[in-house]
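This report refers to the structure that appears directly beneath it.
Everything numeric in this text was worked out from a predicted model, so none of it was measured. Letters go in sequence order (proteins before strands), and every chain restarts at 1.
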There are 2 protein chains.
Amino acid sequence: MDTKSHLIETATTLFQQKGYKTVGLNEILKACNVTKGALYHHFPNGKDELLVTCLLALKEDITTDIQTIFSKHLSTKDAIISMIDTLIHSFEKTGTITGYTFSSIVSEMATMSEEVRKACSDLYENIEHIYCTKLLEDGFSKEAATAMSLLLTASIEGAMMLCLTQQSTDPLKTIAKLLPNIMEKF
Amino acid sequence: MDTKSHLIETATTLFQQKGYKTVGLNEILKACNVTKGALYHHFPNGKDELLVTCLLALKEDITTDIQTIFSKHLSTKDAIISMIDTLIHSFEKTGTITGYTFSSIVSEMATMSEEVRKACSDLYENIEHIYCTKLLEDGFSKEAATAMSLLLTASIEGAMMLCLTQQSTDPLKTIAKLLPNIMEKF
DNA sequence: ACTAACAAACGGACCAGTTGGTATGTTGGG
DNA sequence: CCCAACATACCAACTGGTCCGTTTGTTAGT
């Protein structure tokens, strides 16, 4: 394979595994036996240009991948289930999630210490617990409350990520309108 | 205020704004006029210990904050709306989201270039578009499909973050069970 | 009341290693 | 001959971290 493609593939994997800041140029270079001269020949603007190239290629891959899954299934429901299933299997196999999102690249979570991971996990647990308690007061069943509190946590967390990337508060606003409707129907 | 607290507060803010890896010790030190000797006196294990301390303190703050909001409102619905509203206002005021989540700390999004942000934004747009198209085929109205595709994107994205922090596939599994139910009721 | 002893709380120089980036040299195909 | 495609050597800037000296406050003994 040509040097440039080799560089992109290796860098993409490393970025996904460890995050952009964590991965140094030398690490990428060593991983695919390419010298600095070659890198700056193909990417005159250095690391940043390499990242952008990786993201653009990845975007195409992910989009067609999801597109394929959706064309295979009749309803959105089935497609979503199949898609999440793919994610779950990938996680169980590799121990991390790299597909269908950029967050693994812009997140340093994978490289954080166990203590840090635990602190983050504890926070989400606290939040979910608050939600769950209130939902039980609202009259939800135990199972429904548990599932719903997770949906609340996840969708708000995800909406925050979307707001940051879009530089807009629209995602949170939409979620805020939708979640009450959903809760009422349960 | 004592040096240690000062250090924690300054570091927390910087970590939230720029991400852990991006912020150097010297930057923190300069920002609160503290020397390296003082830092390593209070945090013998250096940067990592400082981060963990920040996270633990932040966890308490966030938890009690959300707890307060939830105790003020009668139903979960009202509490969630109020909470998201707080997030939206905070975003509109400061230009970024730092509250109620750790993702701003473990994410490098804020420090990424405009090109990178755009690439991420485009990916989410692609994904949402796929969802939306399928939902319209399913018979959803235009507004419902738009809102629902955002909920799907956000909740899956959030669930992935939860899986990474919890080192478990449970969040995605729960979401996979819940989302079909929700889609059917619309 | 005076002081010796000790420790906590720093201040700041210094360190090796690594970072992204550049400048120059070499090579092989058209 | 020329130019793309590298390779090599090198660079300043910065990274987190260590070491040791100094100040300040507290305690204990006489």
Side-chain angles (χ1 to χ4, degrees), chain A residues 1-55 57 105-117 119, chain B residues 1-55 57 105-117 119:
Chain A
M1 199 202 310
D2 62 311
T3 308
K4 189 169 183 178
S5 305
H6 194 188
L7 223 29
I8 294 174
E9 286 197 11
T10 310
T12 300
T13 307
L14 284 172
F15 286 154
Q16 283 182 321
Q17 285 171 349
K18 301 181 163 190
Y20 178 66
K21 289 273 174 188
T22 314
V23 180
L25 282 186
N26 296 322
E27 191 179 349
I28 300 172
L29 264 16
K30 206 197 291 179
C32 54
N33 264 326
V34 169
T35 57
K36 214 159 252 189
L39 193 156
Y40 276 88
H41 172 72
H42 293 290
F43 303 96
N45 293 330
K47 199 187 178 187
D48 198 65
E49 186 181 351
L50 177 60
L51 170 66
V52 172
T53 310
C54 288
L55 288 180
I105 291 183
V106 297
S107 162
E108 301 157 356
M109 185 59 77
T111 56
M112 295 285 187
S113 69
E114 182 60 24
E115 271 182 305
V116 172
R117 216 214 78 245
Chain B
M1 201 203 308
D2 61 311
T3 308
K4 189 169 184 177
S5 305
H6 194 188
L7 225 27
I8 294 174
E9 287 198 9
T10 310
T12 300
T13 306
L14 285 173
F15 287 154
Q16 285 182 320
Q17 286 172 347
K18 301 182 163 190
Y20 178 66
K21 290 272 175 189
T22 315
V23 180
L25 282 185
N26 296 322
E27 190 179 351
I28 301 172
L29 263 17
K30 205 198 288 180
C32 55
N33 266 324
V34 170
T35 57
K36 218 159 247 189
L39 193 156
Y40 278 89
H41 170 74
H42 293 291
F43 304 96
N45 293 330
K47 201 188 178 188
D48 197 68
E49 186 181 351
L50 176 59
L51 170 64
V52 172
T53 311
C54 288
L55 288 180
I105 291 182
V106 297
S107 164
E108 302 158 354
M109 185 58 77
T111 56
M112 295 285 186
S113 69
E114 183 60 22
E115 271 182 306
V116 172
R117 216 214 77 245

Atom pair distance, as rounded to whole Å: NZ in A:Lys21 and P in C:dT18: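 Answer to the nearest Å: 19 Å.
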Rounded distance (Å) that lies between atom C1' of C:dG20 and atom CD of A:Glu27: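 For the pair A:Glu27 CD and C:dG20 C1', the rounded distance is 14 Å.
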Gap separating the [atom1] atom of [X] from the [atom2] atom of [Y], nearest 0.5 angstrom:
| X | Y | atom1 | atom2 | value |
| --- | --- | --- | --- | --- |
| B:Leu50 | B:Asn45 | CG | CG | 11.5 Å |
| A:Glu115 | B:Asp48 | CD | CG | 6.5 Å |
| A:Thr53 | A:His42 | OG1 | NE2 | 11.5 Å |

Pairs of donor and acceptor atoms involving the side chains of residues 21-34 of chain A, under 3.5 Å and at least two apart or interchain, shall be tabulated with distances.
residue: A:Thr22; atom: OG1; partner: A:Lys18; partner atom: O; Å: 2.9
residue: A:Asn26; atom: OD1; partner: A:Lys36; partner atom: NZ; Å: 3.2
residue: A:Glu27; atom: OE2; partner: A:Lys18; partner atom: NZ; Å: 2.6

Of all heavy-atom pairs between [X] and [Y], which one has the smallest distance, and what is that distance?
| X | Y | value |
| --- | --- | --- |
| B:Tyr20 | A:Met112 | CB-CE, 3.8 Å |
| B:His6 | B:Thr10 | O-OG1, 2.8 Å |
| A:Lys47 | A:Phe15 | CE-CE2, 4.3 Å |
| A:Ile8 | A:Cys54 | O-SG, 3.5 Å |

Partners passing side chain to side chain contact (heavy atoms under 4.5 Å, CB included) against B:Thr35 (at least two apart in sequence or in another chain):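 Scan of B:Thr35 (side chain to side chain contact (heavy atoms under 4.5 Å, CB included), adjacent residues dropped) gives B:Ala38.
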What does the list of N/O pairs under 3.5 Å between the protein and nucleotides 9-12 of chain C look like, with a distance for each?
residue: C:dA9; atom: OP2; partner: B:His41; partner atom: NE2; Å: 2.6
residue: C:dA9; atom: O5'; partner: B:His41; partner atom: NE2; Å: 3.4
residue: C:dC10; atom: OP1; partner: B:Thr3; partner atom: OG1; Å: 3.1
residue: C:dC10; atom: OP2; partner: B:Thr3; partner atom: OG1; Å: 3.0
residue: C:dC10; atom: OP2; partner: B:His42; partner atom: NE2; Å: 3.2
residue: C:dG11; atom: OP2; partner: B:Thr35; partner atom: N; Å: 3.4
residue: C:dG11; atom: OP2; partner: B:Thr35; partner atom: OG1; Å: 2.8
residue: C:dG12; atom: O6; partner: B:Gly37; partner atom: N; Å: 3.2

Beyond-backbone contact of A:Leu14 with A:Gln17, side-chain heavy atoms, under 4.5 angstrom: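 Yes - at least one pair of side-chain heavy atoms lies under 4.5 Å apart.
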Report all interatomic pairs (protein N or O, nucleotide N or O of nucleotides 25-30 of chain C) with separations under 3.5 Å.
none

Distance below 4.0 Å between A:Asn26 side-chain N/O and C:dT19 OP1 or OP2: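 Checking C:dT19 against A:Asn26, a side-chain N or O does come within under 4.0 Å of OP1 or OP2.
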For chain B, the stretch of DNA chain D it reaches, first to last nucleotide, under 4.0 Å of its heavy atoms: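 Answer, 5' to 3': D:dT15 to D:dT18.
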DNA chain D contacts made by residues 47-54 of chain A, counting heavy atoms under 4.0 Å: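 Per residue number, the list is empty: none.
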